[in-house]
There are 2 protein chains.
Amino acid sequence: MRTLRVDLADRSYPIYIGPKLLGREDLLTPHIKGKQVCLVTNTTLAKLLLPEVKASLGQYDYTEVILPDGEAHKNLETLNLIFDELLRARHTRKTTLIALGGGVIGDMTGFAAACYQRGVDFIQLPTTLLSQVDSSVGGKTAVNHALGKNMIGAFYQPNCVIADSSVLQKLPERELAAGLAEVIKYGLIADEPFYEWLEANMSALSTGEQDALSYAIERSCQIKADVVAEDERESGLRAILNLGHTFGHAIETHMGYGEYLHGEAVAIGMQMAIALSASKGWVDAELIERNKALSLAAGLPVITPDTMRAEEFLPLMAVDKKVLDGRLRLVLLSALGKAVVTEEVTEEEVLAAIEACRS
Amino acid sequence: MRTLRVDLADRSYPIYIGPKLLGREDLLTPHIKGKQVCLVTNTTLAKLLLPEVKASLGQYDYTEVILPDGEAHKNLETLNLIFDELLRARHTRKTTLIALGGGVIGDMTGFAAACYQRGVDFIQLPTTLLSQVDSSVGGKTAVNHALGKNMIGAFYQPNCVIADSSVLQKLPERELAAGLAEVIKYGLIADEPFYEWLEANMSALSTGEQDALSYAIERSCQIKADVVAEDERESGLRAILNLGHTFGHAIETHMGYGEYLHGEAVAIGMQMAIALSASKGWVDAELIERNKALSLAAGLPVITPDTMRAEEFLPLMAVDKKVLDGRLRLVLLSALGKAVVTEEVTEEEVLAAIEACRS
C-alpha cells in the first residue's frame with residue numbers, strides 16, 4: 001500500500017492507494033471520530049461494492065443512502081435525499097459521511113458533508129480511476145444546476161481518501177481508459193519523466209496491472225496536490241489542471257453528454273492543445289504523434305468528431321468558466337511537462353489546431 | 001458613525017453602525033470588487049428600503065432577487081431562486097451578493113454566496129435589530145429543512161456589514177423589542193457594566209433613540225466578536241451565546257412558530273436561566289427581579305406561557321441541538337456578566353426554575 005499525505009494549511013489528510021483496501025477496517029475507522037456514519041453510494045455500486053464496506057462498519061450507528069446512478073441526478077433535489085436521511089436518522093454534527101462511488105457520488109456527498117449542520121466529517125472511497133486521480137485531491141464538491149455544471153458547491157476537504165486499485169478491474173474498460181486520460185494529463189502538464197514512464201507502462205495500466213496502477217494513481221495525486229497546495233481556492237495556477245478541458249467541454253456540449261465520456265472528450269482536447277502548442281513553436285511537433293500513440297494505447301479517442309465543424313467549437317469554448325471576461329484563455333504546453341495559461345492565441349490558430357486533429 | 005473591525009484569522013471585515021447609512025455609496029462600493037452585484041431582499045423591504053440601496057449601485061451590472069417574506073420560505077427551494085437568477089444573468093465568480101433584510105434574508109443570501117460557484121463575495125445590510133446584533137458577527141448561514149431549523153448551511157464571512165440604526169424606526173415595535181432581548185443577553189453573559197448601562201438607557205433604546213441604539217449595537221457586536229474569535233467553528237465557548245435559547249426553543253416549538261417571536265421566547269428563557277442560576281446560588285436572587293424589570297422596560301414577555309406545563313419543556317429541550325448525547329446541557333450564569341455551559345443540573349431544578357417564572 002502507498003500512502004500520500006495531502007497538506008493544506010490546517011487541514012491535511014492521507015490518501016491510501018493499493019489493491020484490496022476497501023473493507024479494511026484498520027484504514028477506515030481511525031478517521032471516524034463519532035459513533036454515527038452515513039454511507040452514500042448509487043444503485044450500481046450498492047450491489048458491487050457496498051456489502052464489503054458495510055461489513056467493516058459494524059461498530060457504528062450505520063445509515064445508508066442509495067442514490068440513482070448518473071450525472072443527471074447530480075442536483076439539489078438529489079442532494080436533499082441525503083439530508084432527508086441524515087435528519088430522519090438523527091445524525092448529529094459529529095457524524096461522518098462516507099462516499100462510495102465515482103465523481104458524482106464524491107461531489108454530492110462532499111457537498112452534503114460541507115453543508116449538513118454547517119459541516120461534518122467526510123471520507124472518500126473513490127471507485128473509478130478518474131475519481132481516484134482527480135476528485136481525491138482539491139476539495140472541490142458541487143452539484144449541477146439546470147443552467148450550468150458544478151455551479152453550486154463548496155471547497156471541502158475529506159478526512160481521508162481510500163483509493164482501492166483492485167476495484168478498477170470491475171469497471172467497464174471505457175471507464176478505465178477515461179481515467180487514464182487524466183493520468184496522461186498530469187505527465188503532460190508537470191512531469192516529463194512520468195510521461196515517459198506512462199509510455200513504457202501503458203499496456204500494463206490498461207490491462208489493470210495493480211502495481212502500475214497504484215504508482216500512476218500516487219504520482220497523479222501528488223502532482224495535483226502540489227498544484228492545489230499553491231492555489232487552494234483556484235485563483236490562478238490551478239487552471240493548468242484544465243489542459244484539454246476547454247476543447248473537451250465544447251465536444252461534450254455539442255455531442256450531448258453521454259456520447260463521449262468526460263475523459264474521452266478531454267483526450268481529444270489534449271490532442272488539440274498539443275497541436276496548438278506545437279503551432280506556436282512551444283513544443284516539438286513530434287509530441288502530437290507521440291501523445292496520439294499513448295492515448296490510443298490507453299484506449300482513448302484522439303480525433304475531432306466528424307460531425308463537428310471547427311467553427312462550432314468557438315462559441316462553446318467561450319461560455320466555459322475558464323474564459324474570463326469573454327476572452328479566450330487556454331491552457332497550453334510551453335514544453336513537455338510544463339503547462340501555461342495563455343491568452344496569446346488567435347481564433348485562427350484555434351481553428352487550425354482543431355482541424356489538425358481530423359486524422 | 002461607529003466602525004467595528006471583526007478579526008477572524010485570514011478574514012476580517014468592518015461593521016459600520018449608525019443612522020442613515022443605507023444608500024451611502026462611499027461605504028458600500030469599496031467592498032465590491034467586480035462589476036456585478038446581485039441584491040437579495042424580500043417583498044416587504046423591496047418597497048420600504050430597496051430604492052435607496054439600488055440608487056447607490058448605479059455603476060454596477062445590477063440584478064435583484066425578491067423573495068417571499070418569512071421564515072417559512074427559508075429552504076433549499078427558495079435558495080434555488082437565487083441561483084436561478086445568478087445563472088440567468090450570467091453572474092461570474094467575481095460577483096457580489098448583497099443581503100438587504102433581517103435574519104432570514106441574511107442567512108439565505110450568505111449561504112447562496114458560500115455555494116455559488118463554490119464561494120463569491122457577500123455584503124450584509126441587516127434591517128432588524130436582531131440581525132444587526134446577531135447575524136452581523138459569526139458567519140453562520142443556513143436554510144431550514146422540513147425536519148430541522150438551520151440544518152443546511154455554512155460558516156461564511158461577509159466582506160462588510162452596514163447596520164443602519166435609523167431603519168429600526170420603521171420596524172414594528174415588537175421586532176425592536178425582540179432584538180433588545182439579544183442585547184440584554186450580551187450584558188448578562190459577558191459585561192456587567194453594559195448591563196447596567198442598559199438598565200439606565202432602556203427607555204431611550206425602546207423609543208429608538210439613535211445614539212443609544214448605535215452604542216448598544218456596537219457593544220453587542222463586539223461581545224459576540226470576542227466570543228466568536230475564540231471559537232469560530234462553534235466547538236465550545238460559543239455555546240454561551242445561547243443563554244435562554246434552549247428554554248426559548250421549547251417555547252417556540254410548543255406554541256408553534258409565530259406565536260412568540262424568537263427574541264420574545266429567548267427573553268422568557270433567560271428569565272428561567274437566571275432563576276436556575278439563582279437556585280444554584282451562582283447569582284444573587286435579586287437578579288431575577290432586576291432582569292424582569294429590564295425586559296419589561298424593553299417591551300418583552302417574561303412569564304412562562306400559561307398553556308405550557310413545566311413537564312412539557314423537557315422533551316423539547318432534549319431534541320435541541322445544544323443537548324449533547326441526550327444529556328441536558330445548559331447555559332447558565334455563574335455571575336452577572338459571566339456565563340458557563342454546565343451539565344450540573346437535575347430535571348427537578350429545571351422544572352422548579354420554569355415554575356418560578358409563572359409570575
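Below, all heavy atoms of this structure are taken into account, side chains as well, without hydrogens, waters or symmetry copies. Please read these numbers as outputs of a predicted model, since none were measured by experiment. To find a chain, count down the sequence lines: A is the first, B the second, and so on, and within it residues start at 1.
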Going by the salt bridge (charged side-chain N to carboxylate O under 4.0 Å, His left out) test, which pairs reach into residues 101-110 of chain A, not counting sequence neighbours?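 Checked against salt bridge (charged side-chain N to carboxylate O under 4.0 Å, His left out) - neighbours excluded - the pairs reaching residues 101-110 of chain A are A/Lys74-A/Asp107.
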If the contact rule is any heavy atom under 4.5 Å from chain B, which residues of residues 80-88 of chain A qualify, in numerical order?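 Under the 4.5 Å heavy-atom cut-off, A/Asn80, A/Phe83, A/Asp84, A/Leu87, A/Arg88 qualify.
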Highest number of heavy-atom pairs under 4.5 Å with chain A: which of B/Thr141, B/Val143, B/Leu79, B/Thr92?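 Looking at each option in turn, the highest pair count goes to B/Thr141.
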Side chains of B/His245 and B/Glu182: donor-acceptor distance under 3.5 Å anywhere?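 There is such a pair between these side chains.
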Sole candidate of B/Val6, B/Val133, B/Val137 that passes side-chain contact (heavy atoms from CB on, under 4.5 Å) when paired with B/Lys224: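 For B/Lys224, the side-chain contact (heavy atoms from CB on, under 4.5 Å) test succeeds with only one of B/Val6, B/Val133, B/Val137, which is B/Val137.
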Greater than 12 external heavy atoms within 6.0 Å of B/Gln59's CD: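 Atom CD in B/Gln59 is crowded, with more than 12 foreign heavy atoms closer than 6.0 Å.
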Got a salt bridge between A/Lys149 and A/Glu71, using NZ or NE/NH1/NH2 to carboxylate O under 4.0 Å?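 Salt bridge flag = yes for A/Glu71 with A/Lys149.
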Atom of B/Ala113, atom of B/Phe122 and distance for their closest heavy-atom approach: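 Closest approach of B/Ala113 to B/Phe122, heavy atoms only: CB-CB, 3.6 Å.
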